[in-house]
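Just so you know, these numbers use all the heavy atoms, side chains as well, and skip hydrogens, waters and symmetry mates.
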Amino acid sequence: PPENEIPVAQKLVERYSNYKLIPSSKYSVYSSNFGLRKSRAVLNIGGDNIPRVINDLDYLNKITVNTLSELGYTYFKKNDKWGISDLACDYIDIGKKEIDFKIPGTLGIMQEFSVWKHSKKDQHYPCLDINQYLNAKNLHPKLNFLYITLSALSDEIMHKIKNDPTIVLLLDADNEDGLTEQRHIFIKLINAKIDVPVIIGRYYGNLTLSDLQLYSSTDIGALFIDGLGDGLYLAAENCGSLDKINSTSFGILQASRTRITKTEYISCPSCGRTLFDLQDTTAMIRSKTNHLKGIKIGIMGCVVNGPGEMADADYGYVGTSVGKISLYRGQKMVESSIDSKFATEALINLIKEDDNWVELKKEEQYK
């Protein structure tokens, strides 16, 4: 790899070199009949619902209105309304804490069972361990989260969850080799024909934001690419701000093509053939198009490898000579030798021609 990527490659080798292979199984993600794992719907999790994002707030000293502003929710005091962005998470885990303000109507609260059972507030749902699940009575009638690891997934638990329409599994891992463990849990569920929804949870601590993004993307993203998982729970204490952690969760889903929430940019790594400042140009295009949810734009420095590298892009911006740009619709070049001063506007016009352009709204979205 290029010299500046060697540390990243080394980190991945060190992290995954000692991982074990999963046990043999009738199920293989490489089989010809492989597809997304089908799960039943429990409220808005599983079934045909998009994967859900859960954020861990249990480690915070206090949860306030401002806390939610880092998770995609903006409170407008004058209107007493919540503004909700495309990166608004679906659930937050508050552990044993309580919330003393009115929450957004679309937000669910995961709460430790010992606290939940005494309050049972609206939009609050219990999280149980194995013993609580086997022995507790009067659980939530619609949604209960069950914390589970591979070592705890006994035949007794398998039998009970198979016939419980309220359960959503929250997967964790006993060891650092969580990818192998969690994939094996899915294999056991598939072989037993158990269609319970599953949230993939991973816990990290004291990492830089870049390392968190690197490890969580490989640990969790690999499972989503395999077609496994109905949501993710990224717990990351001392790994960055809440908004960055939340954005990382949505980024994993976006990259695995399971939940599209923003414009996607496909950029080449740059080399001696690059015909413009790739970083500045990408930033400029992003600033004008980053509200186009679901659109993929390729920004390539030259025509040698560019069209191939942006094979699944909707639109392409490719350098053809010094100061000249060609525009692509998919893999087809539609305009060539455009002066770079006017190329971004020409790209916007191309998107408008296809009725894929959306004007930014001045008003906020209220819910």
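Under the 4.5 Å side-chain heavy-atom criterion for ILVMFWY residues, no single connected hydrophobic cluster contains both Met284 and Leu347. A single hydrophobic cluster is seen to contain both Ile297 and Trp357, as judged by linkage of ILVMFWY side chains at heavy-atom distances under 4.5 Å, directly or through other members. If you chain together hydrophobic residues whose side chains sit under 4.5 Å apart, Leu189 and Phe224 fall into the same group. One hydrophobic cluster, built from ILVMFWY side chains closer than 4.5 Å, holds both Ile130 and Ile185. The hydrophobic clustering, which links ILVMFWY residues whose side-chain heavy atoms are closer than 4.5 Å, places Leu278 and Ile338 together.
In this structure the side chain of Gln254 never reaches within 4.5 angstrom of the side chain of Arg259, judged on heavy atoms. The shortest distance between side-chain heavy atoms of Leu171 and Ile148 falls below 4.5 Å. Contact check for Asp80 versus Tyr75: side-chain heavy atoms found under the 4.5 Å cut-off. For the pair Met158 and Lys188, the minimum side-chain heavy-atom distance is below 4.5 Å. Contact check for Leu71 versus Asp243: no side-chain heavy atoms found under the 4.5 Å cut-off. The shortest distance between side-chain heavy atoms of Arg183 and Asp226 falls below 4.5 Å. By the 4.5 Å heavy-atom criterion applied to side chains, Phe276 and Ile325 are counted as neighbours. Side-chain contact between Ile109 and Trp116 is absent, with no heavy-atom pair separated by less than 4.5 Å.
Judged by the 6.0 Å and 45° rule, Lys160 forms a cation-pi pair with Tyr133.
Between the side chains of Ser154 and Glu156, not a single donor N or O lies within less than 3.5 Å of an accepting N or O. When only modelled atom types and interatomic distance are considered, Asp354 and Tyr315 share a side-chain donor-acceptor pair under 3.5 Å. Thr282 and Tyr317 form no side-chain donor-acceptor contact under 3.5 Å, judged by distance and modelled atom types alone. With hydrogens and angles left out, the side-chain atoms of Asp219 and Tyr204 include a donor and acceptor closer than 3.5 Å. Ser39 and Asp230 form a side-chain donor-acceptor contact under 3.5 Å, judged by distance and modelled atom types alone. Side-chain contact check for Ser151 and Asp174: at least one donor-acceptor pair (N or O, by modelled atom type) lies under 3.5 Å.
Proximity of a side-chain donor or acceptor of Glu309 to a complementary backbone N or O of Met300 within less than 3.5 Å is not detected. Looking at Thr67, its side chain does come within 3.5 Å of a backbone N or O of Thr64 through a donor-acceptor pair. Using modelled atom types, one side-chain atom of Glu181 and one backbone atom of Asn175 make a donor-acceptor pair closer than 3.5 Å. Of the possible donor and acceptor atoms, one in the side chain of Gln132 sits under 3.5 Å from a partner among the backbone N and O of Asp129. At distances below 3.5 Å, not a single donor-acceptor pair connects side-chain atoms of Gln213 with backbone N or O atoms of Ile245. Side-chain atoms of Asn55 do not come within 3.5 Å of backbone N or O of Ile92 as any donor-acceptor pair. Thr258 places a side-chain N or O within donor-acceptor distance of the main-chain N or O of Leu253, the cut-off being under 3.5 Å. Put simply, the side chain of Ser256 never gets that close to the backbone of Gly221: no donor and acceptor are under 3.5 Å apart.
In this structure, Asn163 places its CG atom where more than 12 heavy-atom neighbours from other residues, nucleotides or ligands lie under 6.0 Å away. No more than 12 heavy atoms of other residues, nucleotides or ligands shown are found within 6.0 angstrom of CG on Asp122. Crowding of Lys352 atom NZ: a count of heavy atoms from other residues, nucleotides or ligands under 6.0 Å exceeding 12. Environment of CG in Asp155: sparse, with no more than 12 heavy atoms of neighbouring residues, nucleotides or ligands closer than 6.0 Å. With a 6.0 Å radius and a threshold of 12 heavy atoms from other residues, nucleotides or ligands, Gln279 has its CD atom at or below the threshold. Other residues, nucleotides and ligands contribute only 12 or fewer heavy atoms inside 6.0 Å of the NE2 atom of His159.
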- Task: In sequence, state the C-alpha distance, the side-chain angles, and the governing distance for Leu242 and Leu60, and then conclude on side chain to side chain contact (heavy atoms under 4.5 Å, CB included).
- Result: CA-CA 10 Å; Leu242 273 178; Leu60 299 180; 4.0 Å; yes

- Message: Applying side chain to side chain contact (heavy atoms under 4.5 Å, CB included) to Glu70 and Ser241, what does each step give before you reach the verdict?
- Response: CA-CA 8 Å; Glu70 296 189 68; Ser241 60; 4.0 Å; yes

- Task: Step by step, work out the salt bridge (charged side-chain N to carboxylate O under 4.0 Å, His left out) result for Lys162 and Asp195.
- Result: CA-CA 7 Å; Lys162 186 171 187 176; Asp195 61 353; over 6 Å; no

- ring pair (Phe, Tyr, Trp, His ring centres under 6.0 Å) assessment of Tyr91 paired with Tyr233: CA-CA 9 Å; Tyr91 291 85; Tyr233 180 126; over 10 Å; no

- Item | Candidate pair Asp164 and Thr166, rule side-chain hydrogen bond (donor to acceptor under 3.5 Å, both in side chains), full reasoning | CA-CA 6 Å; Asp164 188 341; Thr166 72; 2.8 Å; yes

- Take Leu146 and Ile161, measure what side chain to side chain contact (heavy atoms under 4.5 Å, CB included) needs, and give me the verdict at the end. CA-CA 9 Å; Leu146 175 61; Ile161 62 176; 4.0 Å; yes

- Decide yes or no on side chain to side chain contact (heavy atoms under 4.5 Å, CB included) for Val168 and Asn144, but give the supporting numbers first. CA-CA 6 Å; Val168 170; Asn144 298 279; over 6 Å; no

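Nearest heavy-atom pair, Arg52 versus Asn49, reported as atom, atom and distance to 0.1 Å: NH2-OD1, 3.6 Å. When all heavy atoms of Ala88 and Phe250 are compared, the pair lying nearest together is O-CZ, 3.4 Å. Across all their heavy atoms, Pro165 and Val42 have their closest contact at O-CG2, 3.5 Å. Minimum interatomic distance between Asp56 and Ala235 (heavy atoms only, all atoms of both residues): OD2-CB, 3.6 Å. Of all the heavy atoms in Pro126 and His140, the pair that sits closest is CD-CB, 3.7 Å.
From Ile54, atom CD1 reaches atom CG of Asp90 across 8.0 Å, with rounding to the nearest 0.5 Å. Rounded to the nearest 0.5 Å, atoms CD (Gln123) and CD1 (Ile99) are 9.5 Å apart. Annotation: the span from Lys121 atom NZ to Ile103 atom CD1 amounts to 9.0 Å, rounded to 0.5 Å. Within the model, atoms CD1 of Ile295 and CG of Asn290 stand 13.0 Å from one another, a figure rounded to the nearest 0.5 Å. Taken to the nearest 0.5 Å, the CD1 atom of Ile45 stands 11.5 Å off from the CD1 atom of Ile50. To the nearest 0.5 angstrom, Leu170 atom CG is 11.0 Å from Leu128 atom CG.
When the options Glu98, Lys96, Lys97 are evaluated for a side chain to side chain contact (heavy atoms under 4.5 Å, CB included) with Gln111, the one that passes is Glu98.
In this structure, Phe101 and Trp82 have tilted ring planes: the angle between them lies in the 30° to 60° band.
A salt bridge links Arg257 to Asp312: at least one charged side-chain nitrogen sits closer than 4.0 Å to a carboxylate oxygen. Salt bridge status for Glu345 with Lys288: absent, with no side-chain N to carboxylate O gap under 4.0 Å.
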